Number of protein chains: 2
Amino acid sequence: MPRNDNIPAPAVRRLSLYLRQLELFHAAEVPTVSSKELGETLHLSDAQVRKDLAYFGQFGQAGVGYRVPELIARVRRILGTDRKSNVLLVGWGNLGRALVSYRGFAEKGFEVAAVFDNDAAKIGRTVSAAAQLRVRPVADMPECVQALGIRLGILAVPAQAAQAVVEAMVQAGIRGVLNFAPVPLHVSGDVAISSVDLAVHLEQLSFQLTTGTE
Amino acid sequence: MPRNDNIPAPAVRRLSLYLRQLELFHAAEVPTVSSKELGETLHLSDAQVRKDLAYFGQFGQAGVGYRVPELIARVRRILGTDRKSNVLLVGWGNLGRALVSYRGFAEKGFEVAAVFDNDAAKIGRTVSAAAQLRVRPVADMPECVQALGIRLGILAVPAQAAQAVVEAMVQAGIRGVLNFAPVPLHVSGDVAISSVDLAVHLEQLSFQLTTGTE
DNA sequence: TTTTGTGAATTGCTTCACAGCA
DNA sequence: TGCTGTGAAGCAATTCACAAAA
């Protein structure tokens, strides 16, 4: 079994992009791809693709390339998305609502199975009639995490509430948090945090405009 | 004038985080910060902070640190967010609606000044009564970009439409695109693209759970 | 032939450690 | 003394280039 750790973080990030592209190739019924083809669609060198994949195992066939369906299955396994999993969302605001109805999560096997908010006006509101999902108070989180086997949570609350809420999430047993609040979060123990600051991305584009755009 | 180029990309990304943190310090009326203090809140070393800032100029005072309001002004200048700017959004779906009402953009000086979609059922719908903003057809984009001096665009359309729409954006004169569609975009010329794939971020967290969580 | 997997070389980023300034 | 700015050192990631496999 190929071992993790001392795998470069950039390689892990790219692994998700390889999977996404492989799924596009698969939809187009392409049976095999070479590292060169895969790299070109993602603006990466063939050597980069091969080196990255080699961190996780030996998937290719010399002279042929990588068999698309097989590599998809293997990469999903590595990323832990070969099975469906339940996730929760905290923050039933504009962004939270959009994220619950975002189809991309379900396509990757992530089901938003519980929604929390601490605004009394929102608690009890119907999130999805089909899934019989309603907004629940944050106090219900520990029980819910346990009952539904939830490990990942999405945090979409206002900045000033984020630190307190993430602590409640960790307390409830959440092991990984996707944070949309524009503040750095501090957590104890081995909980993974991934932060997405939407405004920061625009800011980075703005910077690239001021210099010779790369 | 300190020169750009050969500034490491990671340093530019962190510059946005420094600014965000400096704004928090400023709100708390902290007059000066040292590289050590700034680094600690962001889990970075003091040397990293100093080296990063030094790529852009000499902002600190030996023995004192960095004066918060001054450094904020300087960093905004560098990032090009010292003035308000108009941006446009294409894709009036769930995500698009959430992004228009997202306050974080306005706080950084980005005003969503035009919204486009090609769904006939959506064209003409009111986006914001206050701003007298309505959904317009994509064909109106070139005229609108010109009239409002728009340089940045947010792309929130379904994956299969993304490539065609980004080409229309570039054609209309857009110079930087924040892309939420889970596909790689290919553009001609010196147009900056920043892609955010929400599902990929969850996938990365999932991976961290399978290994010894870092 | 084509294309992988991988050591070796190279490039780039981060950390170290300290001179210089307030 | 406290802290910045920065060359030098160390480490990490990418690219090169080629032996081996189909």
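For clarity, every value in this text was computed on a predicted model and none was experimentally measured. Residue numbers start from 1 in every chain, and the chains themselves are labelled A, B, ... in the order their sequence lines are given, proteins ahead of strands. All values below were derived from every heavy atom in this structure, side-chain atoms included, with hydrogens, water molecules and symmetry-related copies excluded.
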Answer with yes or no whether the side chains of A:Gln163 and A:Glu167 bring together a donor and an acceptor at under 3.5 Å. yes
Testing D:dA22, C:dT14, D:dT14 for proximity to the side chain of A:Gln48, the answer is D:dT14
note: B:Lys36, atom NZ; D:dG5, atom C1'; distance rounded to Å ~ 18 Å
B:Asp52 CG to D:dG5 P: how many Å, rounded? 12 Å
Is the distance from OP1 or OP2 of D:dT14 to the nearest side-chain N or O of A:Tyr55 less than 4.0 Å? no
Minimum heavy-atom distance between A:Ser16 and B:Val200, given as atom pair plus value: CB-CG1, 3.7 Å
What's the CD1-C1' distance between B:Ile7 and C:dG12, to the nearest Å? 14 Å
On DNA chain D, compare the nucleotides closest to A:Ser45 and B:Gly63; which residue's is nearer the 5' end? B:Gly63
When you check the phosphate oxygens OP1 and OP2 of D:dG5, does a side-chain N or O of B:Arg50 lie under 4.0 Å from one of them? no
Without hydrogens or angle criteria, can the side chains of A:Asp46 and A:Ser35 be said to hold a donor-acceptor pair below 3.5 Å? no
Measure from CZ on A:Phe56 to P on C:dT4 and round the result to the nearest Å. 17 Å
For atom CG of B:Leu44 and atom P of C:dC16, their distance in whole Å: 13 Å
Please classify the nucleic acid contact of B:Lys51 as base, sugar-phosphate, or nothing, using heavy-atom distances under 4.0 Å. base
I need the CG-C1' distance between B:Asn6 and C:dT11, as an integer number of Å. 13 Å
Do the side-chain N or O atoms of A:Arg14 get closer than 4.0 angstrom to the phosphate oxygens (OP1, OP2) of D:dT14? yes
Whole angstrom is fine here: how far is it from CZ in B:Arg67 over to C1' in C:dA22? 14 Å
What's the closest nucleotide to the A:Gln58 side chain, out of C:dT14, C:dG5, C:dG20? C:dG5
Among the candidates D:dT6, D:dT4, C:dT4, find the nucleotide nearest to the side-chain atoms of B:Ala62. D:dT4
Out of D:dT4, D:dC16, D:dA21, minimum distance to the side chain of A:Ala47 belongs to D:dC16
Give a yes or no answer on whether the side chain of B:Thr81 reaches the backbone of B:Lys108 with a donor-acceptor pair at less than 3.5 Å. no
Any sub-3.5 Å donor-acceptor pair from A:Gln21's side-chain atoms to A:Leu42's backbone N or O? no
How many whole angstroms separate atom CG of A:Leu71 from atom P of C:dT4? 11 Å
According to a strict under-4.0 Å criterion, is A:Ser35 in side-chain N/O contact with OP1 or OP2 of C:dT3? no
